[in-house]
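Working notes, beginning with the structure itself.
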Amino acid sequence: MSAQSADERITRARSAQIAWARTGMRDRVRELARLRKQIALDRESIVEAIVADTGKPPLDALGGDVLVTLEMMRFYERRAERLLRPRRVGRSRLFFPRCRFTEHFEPHGVALVFGPANYPLQLSIVPAITALYAGNAVVLKVSEKTPAVARIIEDIANRAALPPDLLQVTTAGPEEAVELIDARPDFIFFTGSSSNGKAVAARAATLGTPALLELGGSDPAIVFADCDTDRAVEGIVYGAFSNGGQVCVGVKRLFVERPLYQGFLNALVRRAAQLRVGAGDDCDLGKLPSESGRAVLTAQVQDALTKGARLETSGDAIDGPIILSEVSPDARLAREECFGPVLCVQAFTSEREAIDLANASPYALGASVWTRDLTKGRRVSQALASGSCAINDVIRNIANPHAAFGGNGASGYGRYHGAEGLYAFSRVKTVMENRSSKQSEINWFPLGRKKYEGLNTLIEWLHRPRGAVAALRRILRLAAFAAALGSSAVQAQAAHLLLQVKLPAGAHGRVAYLLFSSANGFPQDKSKAVKHGFSDPVGQGSVQTIDLGDMPPGRYAASVYLDENENGKLDSGFLGIPKEPVGASNNPHHRMGPPHFEDCVFTMNSSNLSLSIQLVRP
Ligand code: NAD
C-alpha cells in the first residue's frame, strides 16, 4: 500500500463516517446485526480460515474466536443505544442555579484498529464493531500473519452490505501500518505486543492522535493450600497451555502455597504430560509458535536454565508444555512476556509474599487466585496490579461482554468491552444550559472588592474544616443561601450589615468587631471569625457605626470590645475577666464568662440589617 493509498483509505473512511454518525442508533443496530448474523452463518468457514492461519484446534477457534465475537456483538446490539444516550450530570445548585449539564457521546471519527495474530477474528472484530456502534468508521488492520481471516472478514462485511468504506480491511505489514498512522486517523486501537504497541503509540503521539493499547501479559496465578486442588490443577493447565500458551491472559507465572507446593507441581506435570499436541479436532494444543517465536522461546528457556531453573517436564523443550521451577528473578522469563507453552512455578509462604511475587512483573494484564476462602480471594484480587482477576477460574472471565477489559503497566492502558468499550471509542461533549432570565451572572463583570469579600466568605463556609454539628448547620445555611441565589445571586449579595455600637461615656480608642458564623471561636478567636477588624478611633458621639458590607444569608453572631489602649487585643485581668468594655449581638444578659453563640445569634437574609450593640464594662 502506498502512502497515497493509506491517505485515500482514511479519506474514504472519513466521508463514510460523516453519514454513519448521522445514522440513528436503531439503524446502526440493524446494519451491524446483519454482520453478526453473517458471521454466525459462515462460522464453519471462519473456523477453517482461523485454523489455516494459526494452527489452533477448531474448538478453540469456534469458542475463543467465533462465539466470543458473536456474544460481544449481540451485547452492543442490545445495549449501545442506552449506553450512548446523552446523560444528565449533577451540578452545585449554589453555583449553577437554574442550570442543566448534559454529557453527549460523540465518535472520534475514523478509528484505525490493529488486530493481532493469536485470536484474529475476535480481536479484530470486537474493537471494530465497538467503534462502529459508537459512530466511527473503521480501517481494520488485521495481522499480516492471518491473511485468510482478513479475506473472510472483508468478504463477510461485503455480504452484510455495510455502507461502502465504513469498514475497510487490510493486512498491511508493519511498514504500511505506519503509513496508515501517518494518514491521521482520529483514534488508534492497538492489540499486540508491548514493543510494537509502544512504537505505534509513540508515532501517534507525534501527530496528536489518541491511542489505546491492549498489549502483552505475564499473568500470575496464586494457588492457596485451601483451594480445590483438582479444579486448580485443571484450571492452571488450561490457563498455561491453551492455544499453545499464546494467550495474552494465559498463566505464565504460578505461585503455590508451600504446604501444597510439591504435590501440586507433581500433579501439574502429570496432567501436562497428558495433553495432546498436534492438529485436528482431538488435540489440546495446536501448532506451536512460528519459527521466529520458537527462537525467542528457546532463548528464554535456555536463559532460565543457565540461571539455575529446573526443567520439570521431559521431552523436547519447545514442542509441548514446558514447566520450569526455581526460575531466577533475573531470568528473561521473569521479566519478559513468554508467548508460548511455558509455565514457571514457585512456592510462597505468606499471602503478602505471593502478592509481591505476582506484582514483581512489569506486565499487569490478568491474574487468577485459587482458594476456597472467597474473602481472601477478593482481598488478594484487590492487591494485585493487574487490570482483571479471576477467582477460581482463568482466561474466560475476559469473555463476559458486560465487563471491562484492559491492562496496566507494560500491558497497556485504556479499557474496552462492555460500556467502557463504547466510551473508549467516544469523546464526551459536555453541554450546559442556563435557564436564567437574569441580566448578569455573579461572576461576570463588573469585578470588585465586595464580590471578592462575598466569595471569600463563601469559601470560608464551604471549605474550612469544622465539626459534625457545624457541618450540618453549614448545610442548612448553604441551602438557604442557594435558595436566595436561585432567585437572584446579585440580590443575595446586596444584604448589608451595619453594627451600631453604643459607647460608654467618655469612650476613647477603637471598637474591635468580630463576626462569627458558628460557635467555633466565638466570641474572641479572630482566626475563626468570618470577619474581624477595628473601627476608626471613636469620636465625640455616643454611637460608633461599623459597616460590615454585604453578607450572604445565614446565621451569625457579632462580638465587640472597646480597645481603649489600642494594643490590638482585649485586655483581661485575673480569672480572664475583661478590663475593657465588651458587647455582643442581641445584648445578652451580663453573666459570668463569655456569652454563648446561640444567645447572640441573628439571621441575615437578603434584606439589609442594622444591629444595635451596647458596650458594657464588666
Ligand atoms: P504483534 O505486535 O506482532 O502484531 C500486532 C499488530 O500490530 C499486527 O496487526 C501487526 O501487523 C502490527 N504491527 C506489528 N509491528 C508493527 C509496527 N512496528 N508498526 C505498526 N504495526 C505493527 O503481535 P502478535 O504477534 O500479532 O500478537 C501477539 C501479541 O499480542 C502478544 O504480545 C500478546 O500478548 C498480545 N496480545 C494482547 C492482547 C490484549 O488484549 N492485551 C490480546 C491478544 C494478544
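For ligands, and for the atoms within them, numbers begin at 1 and follow the listed sequence.
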Residue portion contacting ligand 1 (non-hydrogen atoms closer than 4.0 Å) for [X]:
X: Ala177; result: side chain
X: Asn118; result: side chain
X: Phe405; result: side chain
X: Val249; result: neither
X: Thr191; result: both
X: Val247; result: neither
X: Gln246; result: neither

**Asked** NE2 of His104 to OG of Ser426: how many Å apart, nearest 0.5 Å?
**Response**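 With rounding to 0.5 Å, NE2 (His104) is 13.0 Å from OG (Ser426).
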Between [X] and [Y]: side-chain donor-acceptor atoms closer than 3.5 Å:
X: Asn196; Y: Ser193; result: yes
X: Ser325; Y: Glu312; result: yes
X: Gln274; Y: Arg271; result: yes
X: Gln300; Y: Glu336; result: yes

Nearest-contact summary for [atom] - protein heavy atom, Å:
atom: atom 21 (N) of ligand 1; value: Phe114 CE2, 3.4 Å
atom: atom 12 (C) of ligand 1; value: Lys141 CE, 3.8 Å
atom: atom 27 (O) of ligand 1; value: Pro116 CB, 3.5 Å
atom: atom 24 (P) of ligand 1; value: Lys145 NZ, 3.8 Å
atom: atom 7 (O) of ligand 1; value: Phe190 CE1, 3.1 Å
atom: atom 3 (O) of ligand 1; value: Asn196 ND2, 3.3 Å
atom: atom 43 (C) of ligand 1; value: Leu123 CD1, 3.2 Å
atom: atom 42 (C) of ligand 1; value: Cys248 SG, 3.2 Å

**Request:** Have a look at Phe189 and tell me which of Tyr413, Phe114, Phe425 forms a ring-ring contact (aromatic ring centres under 6.0 Å, His included) with it.
**Result:**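 Exactly one pass, corresponding to Phe425.
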**Message:** Can you confirm whether Leu41 is buried at CG, in the sense that more than 12 heavy atoms of other residues, nucleotides or ligands lie under 6.0 Å from that atom?
**Reply:**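 Yes - once you tally the heavy atoms of other residues, nucleotides and ligands closer than 6.0 Å, there are more than 12.
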**Residues, nucleotides or ligands: over 12 heavy atoms within 6.0 Å of Arg12 CZ** =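 Enclosed.
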**Item:** Stepwise salt bridge (Lys or Arg N to Asp or Glu O under 4.0 Å) check, Glu351 with Lys376
**Value:** CA-CA 9 Å; Glu351 185 179 313; Lys376 179 165 63 182; 5.6 Å; no
Just which atoms of ligand 1 are under 4.0 Å from any heavy atom in [X]?
X: Leu365; value: 41 (N)
X: Pro174; value: 15 (N), 16 (C), 17 (C), 19 (N), 20 (C)
X: Glu144; value: 10 (C), 11 (O)

Test of proximity, [X] against ligand 1: N or O pairs below 3.5 Å:
X: Glu337; result: yes
X: Ser194; result: no
X: Leu215; result: yes

**Request:** State whether Asp7 and Arg184 are salt-bridged, where the test is any N-O pair (Lys NZ or Arg NE/NH1/NH2 against Asp/Glu carboxylate O) under 4.0 Å.
**Result:**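 So Asp7 does not pair with Arg184 through a salt bridge.
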**Ionic contact status for Arg9 with Asp165, cut-off 4.0 Å** =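 The answer is no: the pair does not qualify as a salt bridge.
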Within the structure provided, determine whether [X] and [Y] are in side-chain contact (heavy-atom separation under 4.5 Å).
X: Glu326; Y: Gln346; result: no
X: Leu343; Y: Val345; result: yes
X: Pro321; Y: Val277; result: yes

**Best match, Ser411, Ser193, Ser292: closest heavy atom to atom 29 (C) of ligand 1** =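 The nearest heavy atom belongs to Ser193.
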**Asked** Out of Gly197, Ala117, Pro127, Gly192, who gets a non-hydrogen atom closest to atom 35 (C) of ligand 1?
**Response**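 The residue whose heavy atom sits nearest atom 35 (C) of ligand 1 is Gly192.
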**Request:** Please assess Arg276 against Asp284 for the test salt bridge (Lys or Arg N to Asp or Glu O under 4.0 Å), listing each intermediate value before the final yes or no.
**Result:** CA-CA 5 Å; Arg276 299 157 303 171; Asp284 302 309; 2.9 Å; yes
Could you establish whether [X] and ligand 1 come within less than 4.0 Å of each other, counting only heavy atoms on the residue side?
X: Gly115; value: yes
X: Ser143; value: yes
X: Arg203; value: no

